[in-house]
Amino acid sequence: MNILFEAHDLRKCYGSITALHLPSFVMEKGETVVLTGRNGSGKSTLLRLLAFLEKPTSGVLRYAGSQTEPRREITLLLQEPYLMKASVFWNVTLGLRLRGVDRKLAHNGYMESMLAVGFTDPESMASRGPGELSGGEKQRIALASRLILSPSVLLLDEPTSNVDAASEKAILNAVRSLRPRGVSVVCATHDRDVPAALEAREIGIVSEPV
Amino acid sequence: MGYFSEGMSKALALLLNMDDATFSAIQATLSSTSCALLVAATLGLPLGFLLGYTTFPGKKFLRLLSDTLLAFPTVLIGLIVYVFITYRGPLGQFGLLFTLPGMVIGQSILALPIVISWTAQAVENLDRRCRETLLTLGASPSQLALHTIREIRYDLGMVCVTAFGRVVTEVGVAMMLGGNIRYSTRTMTTAISLETSKGEFAQGIALGLVLLLIAFLVNFLLAWFSDTRDEHEHSF
């Protein structure tokens, strides 16, 4: 078995509050997993741990058999994405420029990733600012800024909440298209249709009260 | 009110005729204030950023100290610097008292807490998702810091404009450290104070009009920075 994430007795506490207690979690490379559970069950916390944005309070979390942080292989789309105070083009290509990619290659990546999230005319969007975008457009642009990086692992926190039906469809299509490319996906959601739409393994998160 | 209208017409004549004493005061004000802002921004922006961005023991105390210094009376700053640069003081050998550089030292001290505190505040007020977004896009620690600065660039502009506005309108430091010497260290505010005490309203009004114009420009810049920042707000 080609294990991507492996966690044992994973616990994350904020002060006296236990946000997550996961006895066991195993995920294979290339797999698509959907995390379901009630509000406050720890889905977002687990995603933040998997993204190595935070460290667990106790327990073991391994990525590809190692406990070292895999910088730039994993990316997380936040539940309420943040767009920088700049143009759409700047936002989508930011990750590439952080990696030193030149503008021409970044432009090609911009076109591909914007088309992947359902924008039919990316050029017309390029110079728009965050204030000129709808919630669904922001969500898709934030997703495009992750897809452009060709990540090994894509983590999504409620990607279809607060978006219109057309944006939801575009987002799910984009995520589904990652499977043939071997990208591993972990998606937290309340939407009951998402596991089936992504043809994903569903894992219910129920943090045990301590 | 006759003396007021007479003063106003004389004031306009001074401005239109480019009166030497009036324009000398304007020049002294703008040069000392600009230098003070340059010093305060050079020291204060990095210090304020570090104060807001990093966590270290004693940070809360430094933040409190910086905030307290925002209310530092200008005459007290003048007094402290005076003690240091007076001819018998530890820096007396440099002959800074009653010179523009001496005024710049005091005005820089006045502006520094404003720049430090407000810069730290801007960093602390930045949406925490900005940091997380940069990290999830693969930013290194230095890239994280640079892009954080980029995100608060309009706030930093507002910080500098606010500090400039505070320094350009102060009297205490300029009077105590500059000595209000005509054609040398006489600024707009000290000139207004002096001319009014002499009952000569014309030059006071003329300088007051210029000061009002500067205040308007400062506020115009503040509004522009604020509007530009708000245009880029994008929370859900």
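Naming: A, B, ... by sequence-line order, numbering from 1 per chain.
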### Task
Could you go through the side-chain contact (heavy atoms from CB on, under 4.5 Å) check for B:Met8 and B:Leu209 one step at a time?
CA-CA 10 Å; B:Met8 184 66 93; B:Leu209 288 174; 4.1 Å; yes
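- Considering only heavy atoms from C-beta on, A:Arg99 comes within 4.5 Å of A:Leu149 through its side chain.
- In the displayed structure, B:Arg131 atom CZ is contacted under 6.0 Å by at most 12 heavy atoms of other residues, nucleotides or ligands.
- Residues B:Ile77 and B:Leu177 have side chains not in contact (no heavy-atom distance under 4.5 Å, counting atoms from C-beta outward).
- Contacts of A:Ile74 with chain B are made by backbone atoms alone, with heavy-atom separations under 4.5 Å and no side-chain atom involved.
- By a heavy-atom distance cut of under 4.5 Å, not one residue of residues 168-187 of chain A is near chain B.
- Counting heavy atoms from C-beta outward, B:Phe94 and B:Thr99 have side chains that stay 4.5 Å or more apart.
- Side-chain contact check for B:Arg63 and B:Gln121: at least one donor-acceptor pair (N or O, by modelled atom type) lies under 3.5 Å.
- B:Leu222 and B:Thr162 get closest at one heavy-atom pair: CD2-OG1, 3.6 Å.
- For residues 100-112 of chain A, an interface with chain B (any heavy-atom pair closer than 4.5 Å) does not exist.
- Under the 30°/60° scheme for interplanar angles, the aromatic rings of B:Trp224 and B:Tyr154 are found to stand perpendicular.
- One side chain, A:Ser44 or A:Asp157, offers a donor N or O that lies under 3.5 Å from an acceptor on the other.
- Among residues 132-150 of chain B, the residues having any heavy atom closer than 4.5 Å to a heavy atom of chain A are, in sequence order, B:Glu132, B:Thr133, B:Leu134, B:Leu135, B:Thr136, B:Leu137, B:Gly138, B:Ala139, B:Ser140, B:Gln143, B:His147, B:Arg150.
- Pairing each heavy atom of B:Val167 with each of B:Thr33, the nearest pair is CG1-CG2, 3.8 Å.
- When heavy atoms are compared at a cutoff of 4.5 Å, A:Leu78 approaches chain B solely by way of its side chain, counted from C-beta outward.
- Close approach to chain A, defined as a heavy atom under 4.5 Å from one of its heavy atoms, is seen in no residue of residues 100-110 of chain B.
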### Message
side-chain contact (heavy atoms from CB on, under 4.5 Å), that's the test. Do A:Ser167 and A:Glu137 meet it? Break it down for me.
### Response
CA-CA 7 Å; A:Ser167 292; A:Glu137 286 173 330; 5.9 Å; no
